Structures are given as C-alpha cells and as structure tokens.
2 protein chains.
Amino acid sequence: MKQRKKEPVRTRQAILDAAGVEFSIGGYSGSGLGSIVSRAELTKGALFHHFPDKQALAKAWIADALAPAMEKLWIAPMDVLSSLDAFRSFCRARCMELRPGDPASALVSLTAETAAAYPELGVALEVVFSDWRASIATWLERGKAAGWIHRSIQPAVEASFIISVFSGFTVTTQCRSDDSMHRTCASALDAYLETLRAQ
Amino acid sequence: MKQRKKEPVRTRQAILDAAGVEFSIGGYSGSGLGSIVSRAELTKGALFHHFPDKQALAKAWIADALAPAMEKLWIAPMDVLSSLDAFRSFCRARCMELRPGDPASALVSLTAETAAAYPELGVALEVVFSDWRASIATWLERGKAAGWIHRSIQPAVEASFIISVFSGFTVTTQCRSDDSMHRTCASALDAYLETLRAQ
DNA sequence: AAAAACATACCAACCCAAAGGTATGTTGGC
DNA sequence: GCCAACATACCTTTGGGTTGGTATGTTTTT
C-alpha cells in the first residue's frame, strides 16, 4: 500500500484547500467528496479521519479558510484607511476583483445556496458576515470621530447596507464574463460612498 | 394501470410548480427530480415527457414561472409609481417580504449557485435580471423627465446598483429567522433612495 | 356514425453511475 | 508497541435518465 508521509496538518489543509476550490465552483450540493479528495490527491479515508461528515468539512472550511481569507483581503486592510477616498479606492479594487475565486464571492454564493436548507452552515456563514459587518461599522465609527464621515450616518445600518451592496455585486456580476458589469458596479458604489462624506 | 386524466398543460404546470418549490429551498443541485415529481404527485415518466432533462426543466421554470413572477411582483407595479416616495414605499414593502419563497430571492439564490457551473442557466437567469434592471432604468428615466429624480443620475448605472442592493439583501437576510435584518435593510435602502431626489 | 389508425400523455420498473459514508486494513513515527 | 494517519474496498442510497408499455385523445377512413 502506497502510504504517504504522515503530515496531518498539511493533509487537513490540503483537503480544505481542495474543498474550497470545489465549493467555490460547484457550491455545496454540487461538490462531491470524491472530487474533493481526488483534487487533493488523497482518499476518503484521509477525509473522514479529519472530518466526521460533509457538513463538518464545510463548517471547518468556513471557519479555518474562508473566514481568514475574508479577514486578510476584506477586513484587515481597512485598518489603515484613514480617509473616505482611501476607502473608496479600496472598495473599487475589491469590486473589480469580484470573481468566483474571491472569498467574498464564495461567502455570498454559499450563503445563498445553503442558508435555507442547511441552517448549521447558515450560522457558520453568518459569523463571517458578522465580522465583516462589524469591521465596516468600526471603520465608519472612526470616520465619524475623525470627521470624514457625515454625522448623520448610523454605522451599524450603513455597514449592513455596504455589505449587502458587495453581496449583490457578487451575484449580478456572475453572469457576465467580461468586466463591464464590474465597472458599472464599481462606479455606482463609488458614487454612493461619496454621500457618506462629511460636509 | 391507474392513469390520471390527461391534462398536459396542467401536468406541466404542476411539475414547474413543484420544481419551483424545491429549487427555492434546496437550490438546483440540491433538488432531486424524485422529490420534484413526488411533490407534484406525478412520476418521472411525466416529467421526462415534458422536459428533456433537468437543465431544461430549470430553464423552463426560469422562463415560464420565475420571470412572470418577477414581472408581476417586482416590475409591473412600478408602472404606477409616479413619485420618489411611492417608489420608496414600494421598495420597503418588497424588502420586508424578502424570503426564500419570493421570486427575487429564488432568482438571486439560483444565480449565485449555478451561474459559474451551468452557464446555460446563467444566461437564462441573466435575462430575468436584465428585464428587472431595464424596468428600473425606465422608471428612473421617467422620474428624471418628470422632475422628481435628480438630473445627475445615470439611469442604467443606478438601476444596476439598485438591483444589486436587492440581490444583496436577499443574501444577507437569509441567515436570520427574525426580521431585524429586513428592517435594517429596508431603512438603509430608504435612506439611500432619498439621495436620488431632485433638489 | 362507428371503427380503425395514429399520436399524445402518462405510469411502473428498471439501469447505472455517483453520492455520502463505513469497515477494515496498513504503515509510519514517537 | 501502539496509536495516529492514512489507504482500500465496499455498502447503501440517491442521482439523473431509459425502457416499454398502457390508457386516453384525436384523426382518418368507411
């Protein structure tokens, strides 16, 4: 029996990575465990050693891969944005990159697909949304305190709105292969963000 | 053999209805043809007589059920909205009703799930989006001409944005069972729409 | 008008591949 | 030696899809 070197953490990560690719393309129901393990060049034995079942795998992926990816690409960079214009160009950049591989796109697609049928996954995904939302709310708070965000803005409500806008973009841009829709979305968001400016 | 009375159109519709329920809950990959026909109290024979395969069934449902439903609930009512305030309360109402059964919710969820993996379905869904977008753009045009929408607004861009906002709402409201998120979304959209007002 | 001929609508049973998951190994490493 | 970390083989169910037939209309013929 051809047995590979034993590297549990590496193996686990390989499975999560493969699962991520499959989930991002085919969604949850559309991704078979067979495709996942073969993509990772492993076997079901390895998979079921690390995860009790498919849903647990998905939850682990959400918590251990998707959430960190969101943190890295969409949340952490906001810490250094100290003006509305900086935020706007940040949003524009994220916007133009919205494609199936992007963590935000995966987050949204998976939520849309599974939240109704698999409440447990919905909860796990909501956690990620929640962090995202909170980070934007915090940023808005900072902006209000520093004076570059209008006083009338309610950070919590506004953050929910912005999250929804990005979520919507990931859906509406999904049908088009060219990036005309991406540009339109980026422009529209840009125009909208201008309304947050302190006068 | 127990054979029901032959009512092809009724049968076809029953299958489409059942498919709609299943798709709205479990998505495309998550819905089996078995569940669909059993829900319709029919058999696979009936299904495959009316539709060549699963994808064709989905496409037929999109064109013959989803699109009309969108037209009826989200598009046609806009014809009689002759002020920004009327539009705002219309949007608020649609917003509060955003749940898995709503056509917009199904449209968004299915798009998020299938657009990447099943381009043909993506095209069919894009058609629905396109009509929706066009109707809002037209409404904005009317508003500009009549003077209750600000001159600087670009109807096409703005329409895309509004569609995205609704799409995003269907996703972000999906995890929560209570309607707190619905209210937040409705309020945020309401505040946003105010910025379209002619001064 | 009735019967024969044809076409449509549907059912029951089956097929095979793939699904998620289990049981039973081996093997590397402390 | 022993247990964690894998591999192999298999099991059961469900997936989409087919097959062959039968009941029901509809049309044609006489």
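The sequence lines fix the lettering, A, B, ..., with proteins before strands; numbering per chain opens at 1. These numbers were taken from a predicted model, which means no experiment stands behind them.
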- Note on the structure: Considering only heavy side-chain atoms of A:Ala46, the closest of C:dC10, D:dG16, D:dA7 is D:dA7
- How are the rings of B:Tyr28 and B:Phe23 set to each other: parallel, tilted or perpendicular (split at 30° and 60°)? tilted
- Task: Using a 4.0 Å heavy-atom cut-off across all strands, classify B:Gly32 as base, sugar-phosphate, or nothing.
- Result: sugar-phosphate
- Roughly how many Å is it from CZ in A:Phe51 to C1' in D:dA5, rounded to a whole number? 13 Å
- Message: Side chain of B:Thr43 only, heavy atoms from C-beta on: which candidate in C:dA12, C:dG21, D:dA5 is closest?
- Response: C:dA12
- Rounded to whole Å, the CD-P distance (A:Gln13 to D:dC6) equals 13 Å
- Message: I need the NE2-C1' distance between B:His49 and D:dG25, as an integer number of Å.
- Response: 12 Å
- Check for a donor-acceptor pair, side chain of B:Trp139 on one end and backbone N or O of B:Leu81 on the other, with a separation under 3.5 Å. yes
- Task: Just call it for B:Ser29: base, sugar-phosphate, or nothing, with non-hydrogen atoms closer than 4.0 Å on any strand.
- Result: nothing
- Message: With a 4.0 Å cutoff (strictly under), does any side-chain N or O of A:His50 reach OP1 or OP2 of D:dC6?
- Response: yes
- Query: Of the nucleotides D:dA7, C:dC10, D:dT18, which has the atom closest to the B:Pro8 side chain?
  - Reply: C:dC10
- Could you state the CG-P distance from A:Leu47 to D:dA7, rounded to the nearest angstrom? 11 Å
- Query: For A:Gly45 and A:Leu33, take the nucleotide of DNA chain C holding the closest heavy atom to each; which residue's nucleotide lies nearer the 5' end?
  - Reply: A:Leu33
- Item | Atom pair distance, as rounded to whole Å: CG in B:Leu42 and P in C:dA12 | 11 Å
- Task: Go through D:dA7, C:dG20, D:dT18 for me and flag the one nearest to the A:Lys44 side chain.
- Result: C:dG20
- Integer-rounded Å distance: D:dG16 P and B:Tyr118 OH: 9 Å
- Enter the distance from A:Trp148:CH2 to A:Arg142:CZ here, rounded to the nearest 0.5 Å. 5.0 Å
- Return the value, rounded to whole Å, for the distance between atom CZ of B:Phe48 and atom C1' of D:dG16. 6 Å
- Item | Candidate nucleotides C:dG21, D:dG16, C:dG28, ranked by approach to the side chain of B:Lys54 - the nearest | D:dG16
- Item | Heavy-atom pair with the smallest gap, counting every atom of A:Ile15 and A:Leu47 | CD1-CA, 3.7 Å
- Message: Between the side chains of B:Arg99 and B:Asp102, is the shortest nitrogen-to-carboxylate-oxygen separation below 4.0 Å, so that they form an ion pair?
- Response: no
- Message: Nearest whole Å is fine: how far is C:dG28 C1' from A:Glu7 CD?
- Response: 12 Å
